[in-house]
Amino acid sequence: MSGPAVTDGTARFSPGPSRGRHNSDVSRPRRTILLVEDETSIRDPLADVLRSEGFDTLVAGTVAEALEQARRDPDLVLLDVMLPDGSGFDVCRELRQRSQVPIIMLTARGEEADRVVGLELGADDYVVKPFSGREVVARIRAVLRRVAAPEPSDDRPLEVGDVR
Ligand code: CA
């Protein structure tokens, strides 16, 4: 049922069983994912999975590149915490000052503080390393479904929590 999980930085992600019908759903608009991760052993296979799942994929390996690529208006950001020139939290904080783009943090196992800080800074979700490509894609689709839900009319108070 589950695909092979990534057990360390060198393992490969699995795009899941091949259905031979990738990108056949033309009624769905293509989504652009910005993947911010400096470890190429994680980033490259994950980018491959995202592309094979039909996402346009931008990649960045530093805080500076992330902020630069974010100007291209991605539909969702996957954001690593530990980056060579700073923290993914800085990216999250910066992005939140100008947009509500969905953000999923990529956090290290056991770093509960990282997950809490990310959510408090406005991240929408997180995945814990090591993760499988399939798990990340499932999280992406879930978050995109949530943000695509119809906005409440403006005379009602905004409800935080489940949007069904
Ligand atoms: Ca990192």
Side-chain angles (χ1 to χ4, degrees), residues 1-18 22-23 30-148 160:
M1 166 144 178
S2 62
V6 173
T7 53
D8 62 36
T10 61
R12 292 191 57 81
F13 290 93
S14 165
S18 173
H22 284 314
N23 305 334
R30 283 179 75 87
R31 302 296 200 141
T32 300
I33 308 295
L34 169 55
L35 169 57
V36 184
E37 167 65 78
D38 58 311
E39 289 168 62
T40 54
S41 63
I42 294 176
R43 186 178 68 197
D44 294 349
L46 181 53
D48 286 346
V49 170
L50 295 176
R51 290 183 181 118
S52 75
E53 291 289 329
F55 295 107
D56 288 330
T57 306
L58 306 169
V59 295
T62 63
V63 169
E65 284 174 14
L67 295 176
E68 175 77 29
Q69 294 281 43
R71 296 203 195 109
R72 299 172 67 178
D73 210 16
D75 294 291
L76 184 143
V77 180
L78 291 175
L79 186 52
D80 182 31
V81 175
M82 298 281 289
L83 296 166
D85 58 341
S87 158
F89 297 136
D90 298 332
V91 177
C92 187
R93 202 178 285 118
E94 184 90 16
L95 291 180
R96 275 292 168 266
Q97 287 178 4
R98 53 183 153 140
S99 91
Q100 286 302 308
V101 61
I103 298 172
I104 299 177
M105 304 295 302
L106 307 177
T107 64
R109 194 215 307 259
E111 299 292 334
E112 185 200 49
D114 283 0
R115 305 198 290 276
V116 172
V117 170
L119 293 172
E120 284 179 346
L121 286 176
D124 296 86
D125 202 354
Y126 59 84
V127 286
V128 179
K129 297 177 183 178
F131 43 70
S132 71
R134 291 180 67 180
E135 178 183 3
V136 175
V137 168
R139 296 273 185 166
I140 289 172
R141 294 203 196 286
V143 169
L144 289 176
R145 270 199 305 276
R146 262 190 337 247
V147 300
V160 178

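Note that ligands are numbered from 1 as they come in the structure, with each ligand's atoms numbered from 1 the same way.
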Next on the checklist: Is it the case that the side chain of Asp38 and the backbone of Leu83 share a donor-acceptor pair, with hydrogens and angles ignored and the cut-off at 3.5 Å?
Outcome noted: no
Item to check | Partner of Glu53 by salt bridge (Lys or Arg N to Asp or Glu O under 4.0 Å), out of Arg31, Arg141, Arg30 | outcome: Arg141
Item to check | Partners passing salt bridge (Lys or Arg N to Asp or Glu O under 4.0 Å) against Glu68 (at least two apart in sequence or in another chain) | outcome: Arg71
Checklist outcome for this item: So the protein N/O/S atoms within less than 3.0 Å of the Ca ion (ligand 1) come down to Asp38 OD1, Asp80 OD2, Met82 O
Item to check | Pairs flagged by salt bridge (Lys or Arg N to Asp or Glu O under 4.0 Å) wherever residues 97-106 is involved - sequence neighbours left out | outcome: none
Could you list the donor-acceptor pairs under 3.5 angstrom formed by side chains in residues 115-126, with sequence neighbours left out?
unit_1	atom_1	unit_2	atom_2	d
Asp124	OD1	Arg96	NH2	3.1
Asp124	OD1	Ile103	N	2.8
Asp125	OD1	Arg139	NH1	3.1
Asp125	OD2	Arg139	NH1	3.1

Checklist entry - Nearest heavy-atom pair of Pro45 and Thr40: which atoms, and what distance? => result CD-O, 3.5 Å
